[in-house]
Amino acid sequence: MNDLEELVQAAVADFAAAGTPAQLEDAKARYTGKSGRVTELLKGMAALSAEEKKTRGAAINETKRYIESALTERRQALAEAQLEAQLRAEALDVTLPGRQAGQGGLHPVSRTLERIEQIFGSMGFDVADGPEIETDWYSFTALNNPENHPARSMQDTFYVDMQDEAGRPLCLRPHTSPMQVRYARQHAATHAATDPLPEIRVIAPGRTYRVDSDATHSPMFHQCEGLWIGENVSFKDLKAVFSDFFRTFFETDDLQLRFRPSFFPFTEPSAEVDIAFAQGPLKGRWLEVAGSGQVHPNVVRNFGLDPERYIGFAFGMGPDRLTMLRYGVNDLRLFFDGDLRFLSQFQ
Ligand code: PHE
């Protein structure tokens with residue numbers, strides 16, 4: 001091996017040993033830099049004869065080209081390695097499954113409310129909505145509650161620190177019955193020119209509030225009011241409506257209904273409605289599902305109607321209770337805790 005071949009080998013080894021572009025530039029300077037080994041060789045040619053210069057010069061130039069091409073090669077290799085390292089460091093795993101937005105669903109009580117609306121809708125009932133902050137007059141007075149009725153007490157009803165325009169107290173409605181009066185008065189006013197008045201047939205589902213809290217009572221709960229008023233509406237119709245409703249709701253004809261005499265200031269006579277299943281885990285047990293009755297003449301008068309002419313019935317059901325029965329839930333509070341482990345079972 002002559003000195004030039006040795007030089008090429010040394011340069012190639014030096015370049016290979018350079019691990020970074022900066023080290024490579026240092027190595028390059030040792031060969032083709034101002035005082036590099038190749039440069040020194042070229043300088044040393046001054047002492048040679050013209051003939052020697054020719055052959056030696058050509059050989060050194062060839063050596064220089066070798067070294068330069070080895071340098072270029074190494075530069076590219078380093079640049080590629082650097083790019084690869086960068087790509088590896090910034091790598092995205094595009095096969096990783098994305099973070100999914102959880103799929104929502106309807107609350108079980110909302111499902112019940114939709115079901116109630118759909119079934120009563122199919123029987124020709126309108127669906128009405130009303131305020132949850134309600135006046136004392138709509139909540140009690142208009143519904144024939146005497147001034148000193150215990151339901152008005154602060155032990156039972158949540159009063160709010162506000163009054164209506166007439167300075168009367170406001171409360172969170174303790175039942176949906178105020179909607180009977182609101183809807184009927186509106187209906188009577190709208191159809192004042194029509195005789196006889198078109199029948200009132202409405203349900204009013206919504207949130208209600210009472211000072212009460214245990215496994216079967218929540219301070220916020222749901223009710224669904226119903227009202228059917230006309231010239232010729234009787235308890236018989238109430239029974240037919242309820243029978244149809246509960247059989248459709250629970251998807252069984254094997255269901256008995258019982259009207260148990262009761263008392264509400266706004267109905268006379270009044271009845272609690274119980275149902276009993278002929279099959280299933282609750283078989284044979286009477287379960288209270290609604291309050292009902294023939295609307296009291298004083299209330300019909302507060303509707304703005306003549307109680308000698310218009311008559312009918314009202315009822316109030318508990319959608320939370322119906323949901324518990326339908327799905328076999330034994331603690332009402334589960335509905336309002338917001339625990340997704342419970343709620344997601346109904347999707
Ligand atoms: N408002 C009554 C309650 O909350 C239920 C009811 C409604 C009873 C309509 C009779 C008629 O208990």
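All values derive from a computational prediction rather than experimental measurement. Both ligands and their constituent atoms are indexed starting at 1 by order of listing.
In this structure, the separation between OG1 on Thr216 and CG on Asp320 is 11.0 Å, given to the nearest 0.5 Å. Between the CG atom in Leu4 and the CG atom in Leu41 there is a gap of 6.5 Å [rounded to 0.5 Å].
Within ligand 1, the atoms closer than 4.0 Å to a non-hydrogen atom of Ser177 are 1 (N), 7 (C), numbered from 1 in the order shown. Within ligand 1, counting atoms from 1 as listed, the ones closer than 4.0 Å to a heavy atom of Gly291 are 6 (C), 8 (C), 10 (C). Close approach of ligand 1 to Gln180 is summarised as follows: ligand atoms under 4.0 Å from at least one heavy atom of the residue are 9 (C). When each atom of ligand 1 is checked for a heavy atom of Gly316 under 4.0 Å away, the hits are 6 (C), 7 (C), 9 (C). Of all atoms in ligand 1, listed by their number and element, those nearer than 4.0 Å to a heavy atom of Gln223 are 3 (C), 4 (O). Heavy-atom proximity to Ala314, at under 4.0 Å, picks out these atoms of ligand 1: 9 (C), 11 (C).
Backbone and side-chain nitrogen or oxygen atoms of His175 are examined, and one is located within less than 3.5 angstrom of a nitrogen or oxygen of ligand 1.
Residues Phe313 and Leu227 form no side-chain contact, since every pair of their non-hydrogen atoms from C-beta on lies 4.5 Å or further apart.
Between the side chains of Asp254 and Thr252, no donor N or O sits under 3.5 Å from an acceptor N or O.
Proximity annotation for atom 12 (O) of ligand 1: of Phe264, Phe315, Phe313, Phe264 comes nearest, heavy atoms only.
For Arg173, the closest heavy-atom approach to ligand 1 does not fall below 4.0 Å.
Only the side chain of Phe266 comes within contact range of ligand 1, with a heavy atom under 4.0 Å; no backbone atom does.
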